[in-house]
Amino acid sequence: MQHLFEPADAHVAPSGLHRRWLAFRNRLLASPRFRRAAHRFWPTRRIAQRQASELFDLIAGFAYSQILMACVRLDVFDRLRSGPLRSDRLAGHGGLDELAWSDLLRAAASLDLLSPVGDGEYVAGRLGVVMMEDASLQAMVHHHEHLYRDLVDPVALMRGDTDHAALNAYWPYAGGDGLSRDAATRYSDLMAASQPMVAEQVIDAFDFRRFRRLLDVGGGSGAFLRAVAVAAPDLELSLFDLPPVADLARQSLADAGLAARSSVHGGDFRRDALPQGHDLISLVRIAHDHDDDTVLGLLERIRDALAPGGAILIAEPMAGTREARRMGDAYFRVYLRAMGTGRPRTPDELAGLLRRAGFRAPVMHKTTIPMLARVLSCQVDT
């Protein structure tokens with residue numbers, strides 16, 4: 001645990017010497033003569049080849065993601081549980097002939113999703129094993145078909161033309177519209193599928209046993225609270241979300257045997273006061289879904305709702321994370337633009353909002369997979 005924050009490399013102003021080095025490097029890399037020499041000279045050949053491969057991966061990345069999508073939609077990872085795959089045995093499944101299946105299996109093997117074992121057979125690859133065993137990852141891949149539609153015109157997306165965006169329509173709450181029960185179920189199911197990965201990171205990083213009453217704001221169907229309930233068996237649990245989602249959470253917590261130690265409250269955290277009397281209030285993957293004014297207003301309502309000496313916990317992927325710069329600074333910037341609300345923030349940016357809302361300087365809690373979530377907490381400034 002450490003107090004805030006070493007600035008991430010991407011946000012440190014470069015020195016004059018660093019600027020001169022970048023200008024020199026860029027002049028070299030821009031030279032076709034230098035690039036040819038680098039590919040021929042054995043000490044630099046592997047570096048040059050790796051850079052060329054990285055650039056091509058940026059160009060081809062969409063094709064790679066669609067190979068993964070095809071594997072998920074065609075149940076490739078589920079079929080691996082029954083043994084090795086062969087294109088001749090899969091012919092006809094999904095409307096693909098044997099040649100198409102052969103192409104897909106070979107493509108998946110090149111991405112380490114499958115591993116060839118001879119005679120045209122494939123077993124799970126290094127990455128495919130994880131896909132096979134983690135249903136939440138497959139749910140996320142299915143969900144991304146909405147984002148992929150929006151990325152057909154990335155310039156329009158960056159302009160903010162999201163009125164007809166597929167992802168914006170998928171998350172109706174993002175635009176402030178009422179949430180139907182069907183939309184609430186869809187939203188809650190996806191969050192519940194992906195929540196265990198995040199919950200594990202948060203619970204390993206933060207000791208919930210120090211608190212008496214936890215309120216999870218925007219808690220969906222209660223997947224995070226169900227995980228915390230196991231780690232902190234004496235903790236009283238509360239959840240606050242939109243009324244249709246709260247109805248699902250109430251049933252979900254009761255089904256988990258937590259009705260006696262939990263309470264569920266329906267409301268809109270953009271406008272409504274939060275339930276009082278909790279000494280810990282959590283925002284798990286909530287802040288980055290909303291714009292600064294909404295987040296600031298929510299933080300102020302959390303400050304007003306917390307018991308004296310209480311604390312707030314924020315857990316989400318954050319921009320400027322050394323171990324996950326592409327996740328925070330590329331993926332989420334595009335995803336949230338397509339959604340039509342929110343933005344990824346650095347820990348320093350979150351700290352600024354917390355100070356404006358009346359909280360003390362935050363404390364960071366180290367997580368083992370920062371790309372999934374970073375965790376910070378702080379108390380009300382008295």
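Bear in mind the structure is a predicted one, so any value in this text is a computation, not a measurement.
- Applying the side chain to side chain donor-acceptor pair (under 3.5 Å) test to pairs two or more places apart or on separate chains, those with a residue in residues 101-116 are D112-R126.
- Rounded to the nearest 0.5 angstrom, L215 CG and Q276 CD are separated by 10.0 Å.
- Heavy-atom minimum distance, L235 versus F211: CD1-O, 3.2 Å.
- Residues M327 and V284 are members of separate hydrophobic clusters, defined by side-chain heavy-atom contacts under 4.5 angstrom among Ile, Leu, Val, Met, Phe, Trp and Tyr.
- When D255, L237, L258 are each tested for a side chain to side chain contact (heavy atoms under 4.5 Å, CB included) with R226, only one passes: L258.
- Pairing each heavy atom of M132 with each of A124, the nearest pair is CE-CB, 4.2 Å.
- With ring centers used as reference points, F269 lies under 6.0 Å from H290.
- When hydrophobic clusters are built by joining Ile, Leu, Val, Met, Phe, Trp and Tyr residues whose side-chain heavy atoms come closer than 4.5 Å, directly or via intermediates, I67 is grouped together with F56.
- Judged purely by atom type and a 3.5 angstrom limit, Q138 uses its side chain to pair as donor or acceptor with the backbone of M131.
- The main-chain N or O of L306 is never found under 3.5 Å from a side-chain atom of D279 such that the two would form a donor-acceptor pair.
- Put simply, the side chain of D291 gets close to the backbone of G342: a donor and an acceptor are under 3.5 Å apart.
- Salt-bridge annotation for R343 and D292: present, with a side-chain N of the basic residue lying under 4.0 Å from a carboxylate O of the acidic one.
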CA sep, side-chain torsions, deciding dist, call: F240, H265, ring pair (Phe, Tyr, Trp, His ring centres under 6.0 Å): CA-CA 5 Å; F240 186 94; H265 309 267; 7.1 Å; no

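- Of all heavy-atom pairs between H365 and A205, the closest is CB-O, 3.6 Å.
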The test is side-chain contact (heavy atoms from CB on, under 4.5 Å); show your working for L274 and V217 and say whether it passes. CA-CA 9 Å; L274 300 176; V217 176; 4.1 Å; yes

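- Inspection of the S263 and S238 side chains reveals an N or O donor paired with an N or O acceptor under 3.5 Å.
- Side-chain contact between L214 and I281 is absent, with no heavy atoms from C-beta onward closer than 4.5 Å.
- Here the two rings, on Y64 and F62, have centers that are 6.0 Å apart or farther.
- L283 is listed as a side-chain neighbour of L298, based on a closest heavy-atom distance under 4.5 Å.
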side-chain contact (heavy atoms from CB on, under 4.5 Å) between E133 and F77, intermediate numbers included: CA-CA 9 Å; E133 297 300 329; F77 302 110; over 6 Å; no

Full working for side-chain contact (heavy atoms from CB on, under 4.5 Å) between L354 and I314: CA-CA 10 Å; L354 285 162; I314 298 177; 4.2 Å; yes

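- L376 is not listed as a side-chain neighbour of F206, based on a closest heavy-atom distance of 4.5 Å or more.
- Interatomic distance, CZ of R36 versus CZ of R33, reported as 8.5 Å (0.5 Å rounding).
- Two residues are said to be in side-chain contact when any heavy atoms from C-beta on lie closer than 4.5 Å; L353 and R345 meet this criterion.
- Across all non-hydrogen atoms, the minimal contact from P370 to T367 is CA-OG1, 3.6 Å.
- Residues H288 and Y335 place their aromatic rings such that the two centres sit no closer than 6.0 Å.
- Taking all atoms of both residues into account, the shortest heavy-atom contact from L80 to Y122 is CD2-O, 3.9 Å.
- For the residue pair S65/H144, the side-chain donor-acceptor check at 3.5 Å is not satisfied.
- Each of F208 and M197 belongs to its own hydrophobic cluster when Ile, Leu, Val, Met, Phe, Trp and Tyr are linked at side-chain heavy-atom distances under 4.5 angstrom.
- Heavy atoms from other residues, nucleotides or ligands lying under 6.0 Å from CZ of R81 number more than 12.
- In this structure, the side chains of L85 and L105 come closer than 4.5 Å at one or more pairs of heavy atoms.
- Between D289 and R285, no side-chain nitrogen of the basic residue sits less than 4.0 Å from a carboxylate oxygen of the acidic one, so the salt-bridge criterion is not met.
- Rounding to the nearest 0.5 Å places CZ of R50 at 14.0 Å from CG of L55.
- Put simply, Y331 and M69 are part of the same group of oily side chains (I, L, V, M, F, W, Y) that touch within less than 4.5 Å, one to the next.
- Of the possible donor and acceptor atoms, one in the side chain of D153 sits under 3.5 Å from a partner among the backbone N and O of A156.
- A donor-acceptor contact shorter than 3.5 Å links the side chain of E349 to the backbone of T346.
- Of the inter-residue distances, the one linking D272 atom CG with R270 atom CZ reads 10.0 Å to the nearest 0.5 angstrom.
- Clustering ILVMFWY residues whenever any of their side-chain heavy atoms sit less than 4.5 angstrom apart, transitively, puts M140 in the very cluster that holds L74.
- The CD1 atom of I302 sits 4.0 Å away from the CD1 atom of I312 when rounded to the nearest 0.5 Å.
- One finds a salt bridge joining R86 and D119 here, because a Lys/Arg side-chain nitrogen approaches an Asp/Glu carboxylate oxygen to under 4.0 Å.
- A donor-acceptor contact shorter than 3.5 Å is absent between the side chain of R355 and the backbone of A361.
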Does E98 form a salt bridge (charged side-chain N to carboxylate O under 4.0 Å, His left out) with R89? I'd like the steps, not just the answer. CA-CA 8 Å; E98 182 180 348; R89 297 172 187 162; over 6 Å; no

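- Side chain of R360 to main chain of C378: no donor-acceptor pair is present (N/O by atom type, distance under 3.5 Å, no hydrogens or angles).
- The main-chain N or O of L167 is never found under 3.5 Å from a side-chain atom of R149 such that the two would form a donor-acceptor pair.
- No more than 12 heavy atoms of other residues, nucleotides or ligands shown are found within 6.0 angstrom of CG on D293.
- Contact record, L239 with A249: CD2-CB, 3.8 Å, taken as the closest heavy-atom pair.
- Within the 4.5 Å cutoff, side-chain heavy atoms of P344 are placed close to those of L336.
- Around atom CZ of R210, more than 12 heavy atoms belonging to other residues, nucleotides or ligands sit under 6.0 Å away.
- Residues K366 and V375 have side chains not in contact (no heavy-atom distance under 4.5 Å, counting atoms from C-beta outward).
- In this structure, the side chain of Q379 does not engage the main chain of A311 through any donor-acceptor pair within 3.5 Å.
- By the 4.0 Å N-to-carboxylate-O rule, D304 lies too far from R301 to be salt-bridged with it.
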side-chain contact (heavy atoms from CB on, under 4.5 Å) evaluation trace for L253 with V264: CA-CA 9 Å; L253 292 170; V264 177; 3.8 Å; yes

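- Considering only residues two or more places apart in sequence or on other chains, R79 meets the salt bridge (charged side-chain N to carboxylate O under 4.0 Å, His left out) condition with none of them.
- No cation-pi contact links R356 to F359, judged by a cut-off of 6.0 Å to the six-membered ring centre and 45° from its axis.
- Using a 4.5 Å cut-off on side-chain heavy atoms (C-beta onward), L137 and V130 make contact.
- The CD1 atom of I286 sits 7.0 Å away from the CG atom of D241 when rounded to the nearest 0.5 Å.
- The closest donor-acceptor contact from the side chain of Q201 to the backbone of I369 lies under 3.5 Å.
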